[in-house]
Amino acid sequence: MTSVLAGRIPSAGRGGKKLPGWARVLLWVVVGFVALAITSYQTGVPQLTGSGTVQAAVRLGIPILLAALGGLWAERAGVINIGLEGMMIMGTWGGAWAGYQWGPLAGLIAAAAFGALGGLLHAIATVSFGVNHIVSGVAINLLGAGAAKYLSTLIFEPISQNPRQSPPVPKFDTYSMQPVAGWLQQLEDLQRVGISDVAGVLGGLVSGVSPLTMLAYLLVPASYLVLWRSPFGLRLRSCGENPVAAASLGVNVYRYKYLAVIISGALAGIGGAALILNPGQAGYLEGQTNNRGYIGLAAMIFGNWRPGGLLGGAALFGYSDGLQLRSGETSVHALFYGATLLLVVVAALQVHRRHWLAAGISLVAAAAMYSVYWFTDELPEELTAYTPHLVTLVVLGVAAQQLRPPAANGLQYRRGMD
């Protein structure tokens, strides 16, 4: 719910100057963490800030993060890529096939190659032949699922005796920052308000980390530096803002669009590899992406087509997914209490800004959230299983008010257009 509130912060400093964007985001992160800490102790649900929940959130958020980065690269070049799900599926199969035979590093490379192949097909359809981006993306999703099913039946069934599943695939090793992780675990076990919550979050971030996880997080600043701090990135983004003007300055629009969509597919494929090469999964399993490609696209949109923003979106969706896996009925139910606190903060902020209608809506929403918490003991398991999907809908519905996509995103380009 923190992300829902990440709007404007009151003016700070002399002369009515507003806080910079990174400071506003950091402030809302702190507010959200404080709300979670209070909720954890008021409801008696320590899992909200426990290291186990954070570890699960990191593991489940990495595929979403990589899919979101894939969407960012494509859409900054002006190509809508809703085929991320199909590219992830191709990555899971390719990673399992190569990983089973030659180890996790080979699986990672193969996953990127299979995802890039999906990106290449999407680029040929949209950039060269002018196919509608949505139609092409849907086709890639269907093609990826169908190809993975066929290849799994052909290659995995004789080994695993199951056409929907691969044999066990070797994993990347995990690492913990010792003795820091042990010290943080001791602080978490003390169950002290604030201290144990911080220790739980930090402990989850420095424990059980795989090389693939570190690679995913390094790709966020790397994408920012390439796209916003290099001539290559400037040219690529110009293709998504005004390809005609870019072409008039000598930019090969077709080349940059192709490169962007192929890189997008490779990142989505690596996201699929994260589902099979990180601990917690035996290997390829049909349907294991579970719409994470679409959630990654939602994280990218929530992040306003920026690397830092999509990292926050992936963290939010990964956290909601990890939370529902750990005593989900109780933990997700407790979130309604935390959401109430956040909505009260939003209402106070809107009153301060004299936005009376927004303040009233926030208070009504807070009352509704608290009513759900007060009159129920836990949520049905059938509902908590879809927590990430519901969070996606809520966040997109609120964040859509302040989005600024690339100006030429999804538009067809032909050389010589006026």
Side-chain angles (χ1 to χ4, degrees), residues 1-6 26-61 184-205 207 312-349 359 361-395 398:
M1 291 292 299
T2 306
S3 58
V4 176
L5 315 178
L26 181 61
L27 177 58
W28 279 116
V29 169
V30 171
V31 170
F33 176 77
V34 171
L36 276 180
I38 295 173
T39 302
S40 175
Y41 289 95
Q42 289 294 107
T43 61
V45 183
Q47 293 92 339
L48 291 177
T49 55
S51 57
T53 300
V54 175
Q55 285 187 42
V58 170
R59 176 172 59 85
L60 295 169
L184 290 172
Q185 184 62 55
Q186 292 176 3
L187 288 178
E188 182 183 357
D189 293 339
L190 291 176
Q191 291 300 299
R192 297 288 187 269
V193 178
I195 297 176
S196 295
D197 297 296
V198 173
V201 172
L202 294 179
L205 293 175
S207 302
L316 173 66
F317 300 137
Y319 176 78
S320 62
D321 200 5
L323 191 64
Q324 62 93 12
L325 291 177
R326 299 178 62 85
S327 61
E329 296 85 350
T330 303
S331 300
V332 177
H333 177 261
L335 281 183
F336 282 90
Y337 186 94
T340 302
L341 297 178
L342 287 175
L343 287 169
V344 169
V345 172
V346 171
L349 176 61
I361 294 174
S362 299
L363 287 175
V364 171
M369 290 288 180
Y370 190 74
S371 298
V372 174
Y373 172 77
W374 181 260
F375 291 108
T376 59
D377 294 324
E378 62 180 32
L379 297 178
E381 182 179 357
E382 295 80 7
L383 181 61
T384 57
Y386 290 95
T387 300
H389 305 80
L390 295 175
V391 170
T392 302
L393 292 174
V394 173
V395 168
V398 177

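- From Leu184, atom CG reaches atom CD1 of Ile195 across 12.0 Å, with rounding to the nearest 0.5 Å.
- Taking every heavy atom of both residues into account, Ala334 and Val45 meet most closely at CB-CG2, 4.0 Å.
- In terms of the side-chain hydrogen bond (donor to acceptor under 3.5 Å, both in side chains) criterion, Ser320 has no residue partners (sequence neighbours excluded).
- In this structure, CD on Gln186 lies 11.5 Å from OG on Ser196, to the nearest 0.5 angstrom.
- In this structure the side chain of Val198 reaches within 4.5 angstrom of the side chain of Phe33, judged on heavy atoms.
- Interatomic distance, Thr340 OG1 to Leu335 CG, rounded to the nearest 0.5 Å: 10.5 Å.
- Annotation: ring-ring contact (aromatic ring centres under 6.0 Å, His included) contacts of Tyr337 (sequence neighbours excluded): Tyr373.
- Closest approach of Glu188 to Gly50, counting heavy atoms only: OE2-CA, 3.3 Å.
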Go through the steps to decide whether Leu342 and Val31 satisfy the test side chain to side chain contact (heavy atoms under 4.5 Å, CB included), and finish with yes or no.
CA-CA 8 Å; Leu342 287 175; Val31 170; 3.8 Å; yes
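- Taking all atoms of both residues into account, the shortest heavy-atom contact from Ser40 to Pro46 is OG-CA, 3.4 Å.
- Across Thr39 and Thr43, no two heavy atoms sit closer than the pair O-OG1, 2.5 Å.
- Here the closest non-hydrogen pair linking Ser362 and Val346 is OG-CG1, 3.4 Å.
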Pair Tyr41, Asp197 - check side chain to side chain contact (heavy atoms under 4.5 Å, CB included), show working.
CA-CA 10 Å; Tyr41 289 95; Asp197 297 296; 3.0 Å; yes
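- Judged purely by atom type and a 3.5 angstrom limit, Thr53 has no side-chain atom pairing as donor or acceptor with the backbone of Leu323.
- Leu36 places a side-chain heavy atom less than 4.5 Å from the side chain of Tyr319.
- With values rounded to the nearest 0.5 angstrom, Leu341 atom CG is found 8.5 Å from Gln42 atom CD.
- Contact detail for Gly203 and Ser51: the closest heavy-atom pair is C-CB, 4.2 Å.
- Taken from CD1 in Ile38 to CG in Leu48, the straight-line distance is 12.5 Å, to the nearest 0.5 Å.
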